[in-house]
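Report on the following structure.
Convention: sequence-line order gives letters A, B, ...; per-chain numbering from 1. Any value given below was found using the heavy atoms of this structure, including those in side chains, with hydrogens, waters and symmetry copies removed.
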Protein chains: 2
Amino acid sequence: MSSPQTLEPAVDADCCAPTQKPAISAGEAHHRALVFKALADPNRLRLLSIVKRADGGEACVCDLTEPLDLGQPTVSHHLKILVEAGLLSREKRGTWAYYSLVPGAVERTAGLLASL
Amino acid sequence: MSSPQTLEPAVDADCCAPTQKPAISAGEAHHRALVFKALADPNRLRLLSIVKRADGGEACVCDLTEPLDLGQPTVSHHLKILVEAGLLSREKRGTWAYYSLVPGAVERTAGLLASL
DNA sequence: CGGCAAGATTGATGAATGTCGATATCTGAA
DNA sequence: TTCAGATATCGACATTCATCAATCTTGCCG
């Protein structure tokens, strides 16, 4: 195990790095990855963009199916993923379901990057 | 080469914009999704976190295999994805390969979110 | 030269994902 | 109540992905 820099293995009680947490925990990484997974699809990014620019800040599924050139079940599936990631919110009025950006969600996601 | 039609109706304040660009293009969405795909894995997020906090801002593969509990080929594979996404840079010195954060890459990625 | 260590690449495999067609659920109107 | 439209859910399929074992490439040093 030749290491280029002599790294003392696991003798904690060290003087010089008191809270040297080496990285975010596996659980925290898993949680953050869920949000980025929701953003890791072109059609979902376009959905966010369309909803953000939509009149009134909200759009229903029928307005989203055509510009993406996707079937209605597929759009509904993507919207569900975005809602579960905390990026979109859903409000049903009558027969229609209106989706809108969760306030501050984009800023919080950017914070997940900065605090890596 | 400059097209005279490249003026966009940006500052026409009160008048409505009839040709409202509905969203980012499919190609742009695809390009941005590549970056978020690189972030959509817990182990890659931990890799970024470890490299960011590493002494000197860089770490070699041998330092990354153990904390992630992954095999060396798998770590190498993840690092390649992060390099191709423009988040990490690779510098080979001797037998060792040192990875470090690309300056400003995290901020640029946050900008991809804000400009949706 | 030969051997060795670090890291990258290849091939294979099981799991996760995006998409669609068919169907179910729910709501307003006749 | 019955019908029609909007949306959600289910089942299936093809593709992508994460991981590992084995192998290859490269650079160091005896």
Using a cut-off of less than 4.0 Å, is there contact between a side-chain N or O of [X] and OP1 or OP2 of [N]?
X	N	result
T74(A)	dT19(C)	no
R90(A)	dT7(D)	no
Y98(A)	dA6(D)	no
K80(A)	dT9(D)	yes
H78(B)	dT19(D)	yes

- Message: Please encode protein proximity along nucleotides 25-30 of chain D as a string of B, S and -, counting only heavy-atom distances under 4.0 Å.
- Response: --SS--
- Message: If you count heavy atoms of other groups shown closer than 6.0 angstrom to CD of E91(A), is the number above 12?
- Response: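 Atom CD in E91(A) is crowded, with more than 12 foreign heavy atoms closer than 6.0 Å.
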Would you kindly give the [atom1]-to-[atom2] distance between [X] and [N], to the nearest whole Å?
X	N	atom1	atom2	answer
Y99(A)	dA6(D)	OH	P	15 Å
E91(A)	dT7(D)	CD	P	13 Å
L88(B)	dG7(C)	CG	P	15 Å
R44(B)	dC17(D)	CZ	P	9 Å
L68(A)	dT19(C)	CG	C1'	13 Å
R46(A)	dG18(C)	CZ	C1'	16 Å
L39(B)	dC17(D)	CG	C1'	16 Å
L79(A)	dT9(D)	CG	C1'	14 Å

- Where R46(B) and I24(A) come nearest, the two heavy atoms and their spacing: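 Shortest heavy-atom separation between R46(B) and I24(A) comes out as NE-O, 3.2 Å.
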- Item | I81(A) vs P73(A), nearer the 5' end of DNA chain C by closest nucleotide |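 Checking each residue's closest nucleotide, the 5'-ward one belongs to I81(A).
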Does the side chain of [X] reach to within under 4.5 Å of the side chain of [Y], using non-hydrogen atoms?
X	Y	value
L48(A)	L39(A)	yes
L70(B)	H78(B)	yes
F36(B)	L112(B)	yes

- Item | Any N/O donor-acceptor pair, Q72(A) side-chain to dA6(D) base, under 3.5 Å |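 Answer no: no donor N or O sits under 3.5 Å from an acceptor.
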- Kindly point out which of dA8(C), dT19(D), dA6(C) is positioned nearest to the side chain of W96(B)?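 Of dA8(C), dT19(D), dA6(C), dA6(C) is nearest to the side chain of W96(B).
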- Message: Just by distance, no angles: are the side chains of R32(A) and S49(B) close enough, under 3.5 Å, to form a donor-acceptor pair?
- Response: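 Their side chains do not contain a donor-acceptor pair, so the 3.5 Å distance test is not met.
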- Query: Taking L87(B) as the fixed residue, which of V102(B), T109(B), L101(B) is the one that meets the side chain to side chain contact (heavy atoms under 4.5 Å, CB included) rule?
  - Reply: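 With L87(B) as partner, V102(B), T109(B), L101(B) yield a single side chain to side chain contact (heavy atoms under 4.5 Å, CB included), made by T109(B).
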